Amino acid sequence: MEERRLGPVVGLGTWKTFDRDAKLARTVVGSALESGCRVIDSSPMYGAAEASLAAALEGRRESAMVATKIWARTVAEGREQFRRQLNWFEKVEIEQIHNLLAWEDHAAWLEEERAAGRIDRLGVTHYSDEALDELAAALKTRRFDTVQVPLNPRERECERELLPLAAELGVAVIVMRPLGQGALLRRSPPPEVIAALGVETWAQALLKWALSDGRVDLVIPATRNFERARENAAAGSPPWFDEEQRSLVERWA
Ligand SMILES: NC(=O)c1ccc[n+]([C@@H]2O[C@H](COP(=O)([O-])OP(=O)(O)OC[C@H]3O[C@@H](n4cnc5c(N)ncnc54)[C@H](OP(=O)(O)O)[C@@H]3O)[C@@H](O)[C@H]2O)c1
């Protein structure tokens with residue numbers, strides 16, 4: 001799999017997939033790691049997903065990069081979330097402030113944790129286009145190493161200002177919802193279109209569509225299915241789409 005600034009370009013999301021099901025998490029996470037993925041994205045917002053991820057990583061923690069989040073209104077609550085994360089993961093490779101909640105309050109103590117080596121990279125995320133201006137303002141402070149935003153053929157607002165800004169500032173980009181939360185997969189184009197794109201499945205075409213934008217470092221599709229984890233990982237290798245292939249994907253999406 002191709003590697004960019006955050007390592008292999010296909011990771012794994014965990015929203016609404018594992019929750020308390022540590023056995024399922026172990027199977028799916030194992031399949032993703034064995035297929036070359038490294039970054040697994042979670043959050044205290046995703047029910048018990050972090051605990052399930054920790055169980056899934058037992059005995060193989062070093063083969064993963066944990067990207068999780070602080071989702072807290074107060075610093076005290078945020079620090080408590082971080083304490084639990086250190087118990088589960090020992091360190092956090094990518095710590096993100098979820099939905100920019102109290103981001104200015106959290107940035108200061110998280111920078112100290114990064115300086116102490118308990119966090120490698122610090123980031124911000126938001127799921128809504130309405131927050132793109134605030135995400136940009138956060139990046140302009142130059143306090144963050146990563147930004148996580150939605151990007152797929154039907155959600156492209158970040159292309160206008162945020163992706164150029166991230167490229168200018170050297171901030172790594174993580175793409176959430178690369179499959180439109182599954183909505184883009186309800187119907188698939190005919191086999192000849194899939195063949196023209198040089199992929200095996202429509203899901204792979206959508207993931208390659210995002211990764212063919214060189215400003216993107218990582219896509220984090222979520223799945224409860226270990227075979228799909230493998231299928232998604234296979235989208236992380238070149239060749240990337242040219243403009244014509246990208247337009248083809250956009251028309252079918
Ligand atoms: N959505 C948000 O607002 C949000 C916000 C912040 C962060 N994130 C992060 O970004 C991650 C990804 O976003 P997302 O989970 O919202 O949506 P997504 O990854 O775009 O789509 C996930 C859906 O696609 C299906 N799927 C995955 N691979 C497939 C394949 N190869 N073939 C067919 N169906 C497939 C999954 O169903 P099956 O389980 O049945 O395979 C699941 O329903 C999250 O898990 C989370 O870590 C999301």
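All of these numbers come straight from a predicted model, not from anything done at the bench. Counting starts at 1 for both ligands and their atoms, following the listed order.
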Side chain to side chain, S43 and Q96, heavy atoms closer than 4.5 Å: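 In short, these two side chains do not touch, never coming nearer than 4.5 Å.
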Would you say that L132 contacts E161 through its side chain, given a criterion of any heavy-atom pair below 4.5 Å between the two side chains?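 L132 vs E161: side chains apart.
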Evaluate whether atom [atom1] of [X] has more than 12 neighbouring non-hydrogen atoms of other residues, nucleotides or ligands under 6.0 angstrom away.
{"X": "E159", "atom1": "CD", "answer": "yes"}
{"X": "E192", "atom1": "CD", "answer": "yes"}
{"X": "E90", "atom1": "CD", "answer": "no"}

Is there a nitrogen or oxygen of [X] sitting under 3.5 Å from a nitrogen or oxygen of ligand 1?
{"X": "W15", "answer": "yes"}
{"X": "H98", "answer": "no"}
{"X": "P221", "answer": "no"}
{"X": "S42", "answer": "no"}

Supply the atom-to-atom distance Y46 OH to K69 NZ, rounded to the nearest 0.5 angstrom.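 Interatomic distance, Y46 OH to K69 NZ, rounded to 0.5 Å: 3.0 Å.
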Nearest protein heavy-atom contact for [atom]: which residue, which atom, what distance?
{"atom": "atom 36 (C) of ligand 1", "value": "A222 O, 3.4 Å"}
{"atom": "atom 47 (O) of ligand 1", "value": "D41 OD2, 2.7 Å"}
{"atom": "atom 39 (O) of ligand 1", "value": "R224 N, 2.8 Å"}
{"atom": "atom 3 (O) of ligand 1", "value": "R177 NH1, 2.9 Å"}

Between R61 and A64, is there a donor-acceptor pair closer than 3.5 Å when you use the side chain of the first and the backbone of the second?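 Yes; at least one donor-acceptor contact below 3.5 Å.
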Is it true that R73 and D105 have a side-chain N and a carboxylate O under 4.0 angstrom from each other?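 Looking at D105 together with R73, the answer is no, because their closest N to O distance does not fall below 4.0 Å.
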Are R38 and E93 within salt-bridge range, i.e. N to O under 4.0 Å?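 Here R38 does not pair with E93 in a salt bridge, since their nearest N and O are not under 4.0 Å apart.
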Under 4.0 Å, heavy atoms only, figure out whether ligand 1 is touched by the backbone of [X], its side chain, both or neither.
{"X": "T17", "value": "neither"}
{"X": "E231", "value": "side chain"}
{"X": "A203", "value": "side chain"}
{"X": "Q204", "value": "neither"}
{"X": "P150", "value": "neither"}
{"X": "L185", "value": "side chain"}

Using non-hydrogen atoms of the residue, decide whether Y46 is closer than 4.0 angstrom to ligand 1.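 Judged by the 4.0 Å heavy-atom criterion, Y46 does count as contacting ligand 1.
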Can you list the steps and then say if F89 with I40 is a side-chain contact (heavy atoms from CB on, under 4.5 Å)? CA-CA 12 Å; F89 307 120; I40 321 283; over 6 Å; no
